[in-house]
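Remarks on the structure that follows.
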Protein chains: 2
Amino acid sequence: MTSHRPRTRRLSDPTIGRLPLYQRIVNEFAQNGTERIESLTIAERTGITATTVRRDLAGLGPFGTRGAGYDVAQLNERISVALGHDRSYSVILVGIGNLGQALINSSNFLIRGATLAGLYDVDPAIIGTLIAGHVVRSIEEPLQHATVGVICTPASVAQSVADRMVAAHIPAILNFSPSVLQVPIGTKVQYVDLSIELQVLVFHLLNSVNFADMQPSLRPATPVTDIPPRS
Amino acid sequence: MTSHRPRTRRLSDPTIGRLPLYQRIVNEFAQNGTERIESLTIAERTGITATTVRRDLAGLGPFGTRGAGYDVAQLNERISVALGHDRSYSVILVGIGNLGQALINSSNFLIRGATLAGLYDVDPAIIGTLIAGHVVRSIEEPLQHATVGVICTPASVAQSVADRMVAAHIPAILNFSPSVLQVPIGTKVQYVDLSIELQVLVFHLLNSVNFADMQPSLRPATPVTDIPPRS
DNA sequence: ATTTGTGAAACCGTTCACAGCA
DNA sequence: TGCTGTGAACGGTTTCACAAAT
């Protein structure tokens with residue numbers, strides 16, 4: 001027993017989310033020929049505290065050198081293994097609109113380990129064309145099996161696309177459409193809402209004290225209904 | 001004293017991030033003509049627990065009816081006010097590539113309250129064209145003032161774009177490029193990395209026990225260097 | 001009976017402070 | 001001396017359990 005697989009099972013979601021950030025910096029250093037890097041350097045470049053960086057990296061197994069930082073090559077390797085970049089997985093993408101194309105062409109969406117296994121759309125004008133070296137297929141065709149299915153369609157058809165992904169035994173779905181999907185247990189779904197960060201940003205801005213200093217045209221345009229204090 | 005503004009100041013970031021999700025469900029109910037909705041219903045449709053839903057909504061001021069749920073119209077209104085949809089703010093967008101166009105055309109990126117105040121790009125082929133009713137301007141022109149500046153450019157030019165947004169007194173920046181920005185204190189920056197959710201999803205999938213049940217082609221392709229247990 | 005609203009406990013992630021090593 | 005690694009304290013969010021309200 002005792003599977004052969006890592007300790008990495010214990011990494012928290014926030015940590016996993018930060019690893020790609022660290023790797024970006026590490027890659028820059030690797031290309032510069034620098035051999036060692038310190039947690040403080042990574043911290044300054046990412047805006048994350050040095051302590052958190054060290055906690056995260058310690059979770060990959062202790063391999064830094066006290067007094068001398070981390071070996072750049074080894075750090076890069078460890079992060080890659082933790083993120084599964086050394087394993088291969090395949091991705092299909094349904095909905096080749098602006099967002100779909102943005103993802104396909106993005107330098108850091110399909111990174112090491114990922115193989116683009118299929119592109120699907122409804123638009124006859126796009127079907128058959130080559131995008132990033134892949135022929136766009138009709139959504140009518142049966143979906144190719146893959147590790148992850150990415151949905152970039154309008155919300156109205158997202159559920160039907162998800163159903164077909166489930167039918168094709170695709171175990172994980174990344175949903176960029178603003179819709180909640182019903183899937184059988186066992187299928188993992190991750191949602192990405194491009195508007196949420198904007199909403200959080202606007203919320204903080206509108207509630208910040210400095211907002212009154214801004215240009216008149218930017219201040220509240222409508223009288224605001226106050227939420228009354230406890231009755 | 002006692003500013004005229006809401007209690008909403010106290011909402012946590014996770015709560016703010018969930019409000020748009022609740023609102024989606026609430027809007028569906030409103031369109032169906034349903035008048036009341038329960039926390040459990042919202043919970044089932046969003047995958048969030050009912051208790052968390054109630055905590056979040058209680059933060060908007062208690063207005064549910066015990067035994068009978070929430071009034072759909074009122075709930076919708078409260079969420080809108082909390083998110084600032086009743087106040088107006090303006091947005092400029094720099095980098096009108098696939099991602100930029102996806103955001104502009106997305107039904108839920110620029111929601112109520114937001115005004116698109118300007119589009120900028122470097123590409124002469126795009127400059128001057130109309131997108132969503134707005135003329136794309138040259139990035140050479142001085143940036144229009146706005147509440148939020150959205151960066152959809154490659155990482156290599158993101159910092160220079162941010163500098164120009166700061167010069168135009170834009171107080172908040174939403175950065176979709178994979179780069180960390182240096183801005184003066186007082187300027188708020190929010191980062192969005194489209195690849196992170198994919199990485200988190202793949203991480204969970206690769207580390208899940210069911211992974212072994214999958215098709216052979218999807219299992220690890222390369223022997224994996226194990227991270228050694230503590231020395 | 002049903003569902004909200006909320007103290008209190010449990011949980012999780014970050015930060016502090018410093019011990020451990022090179 | 002310098003920087004990593006980590007126990008312990010902290011702060012914040014979620015969950016539990018139940019009282020309050022209709």
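Order of the sequence lines fixes the chain letters, A, B, ..., with proteins taken first and strands second; residue numbering starts at 1 for each chain.
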So which nucleotide from [options] ends up closest to the side chain of [X]?
X: R18(B); options: dT6(D), dT14(D), dT4(C); value: dT14(D)
X: T51(B); options: dG5(C), dC16(D), dG5(D); value: dC16(D)
X: R55(B); options: dG5(C), dT15(C), dC16(D); value: dC16(D)

- Message: Rounded to the nearest 0.5 Å, what separates atom NE2 in H85(A) from atom CG in N76(A)?
- Response: 9.0 Å
If only side-chain N and O atoms of [X] are considered, is one of them under 4.0 Å from the OP1 or OP2 phosphate oxygen of [N]?
X: Y70(A); N: dA22(C); value: no
X: S39(B); N: dT4(C); value: yes
X: T52(B); N: dT15(D); value: yes

For [X] and [N], give me the distance from atom [atom1] to atom [atom2], rounded to whole Å.
X: L75(B); N: dT3(C); atom1: CG; atom2: P; answer: 16 Å
X: I16(B); N: dT13(D); atom1: CD1; atom2: P; answer: 10 Å
X: L40(A); N: dG5(D); atom1: CG; atom2: P; answer: 15 Å
X: L19(B); N: dT13(D); atom1: CG; atom2: P; answer: 13 Å
X: R66(B); N: dA21(D); atom1: CZ; atom2: P; answer: 6 Å
X: Y22(B); N: dT4(C); atom1: OH; atom2: C1'; answer: 14 Å
X: D13(B); N: dG11(D); atom1: CG; atom2: P; answer: 18 Å
X: I42(A); N: dG5(D); atom1: CD1; atom2: P; answer: 11 Å

- Under 3.5 Å donor-acceptor, R36(A) side chain and V72(A) backbone: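 Not at all, since once roles are kept as given, no pair shorter than 3.5 Å links the two residues.
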- Message: Is a donor from one side chain sitting under 3.5 angstrom from an acceptor on the other, for S80(B) and D86(B)?
- Response: no
- Message: For T51(A) and T49(A), which I'm curious about, is there any donor-acceptor pair between the side chains at under 3.5 Å?
- Response: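 No, no side-chain donor-acceptor contact under 3.5 Å.
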- Query: Counting only distance, no hydrogens or angles, is the base of dG5(C) paired donor-acceptor with the side chain of R54(B) under 3.5 Å?
  - Reply: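 By the distance-only test, yes, there is a pair.
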- Item | Other residues, nucleotides, ligands: >12 heavy atoms within 6.0 Å of E35(B) CD |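 Result for CD/E35(B): open.
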- Task: Using a 4.0 Å heavy-atom cut-off across all strands, classify T49(B) as base, sugar-phosphate, or nothing.
- Result: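 Touches sugar-phosphate only.
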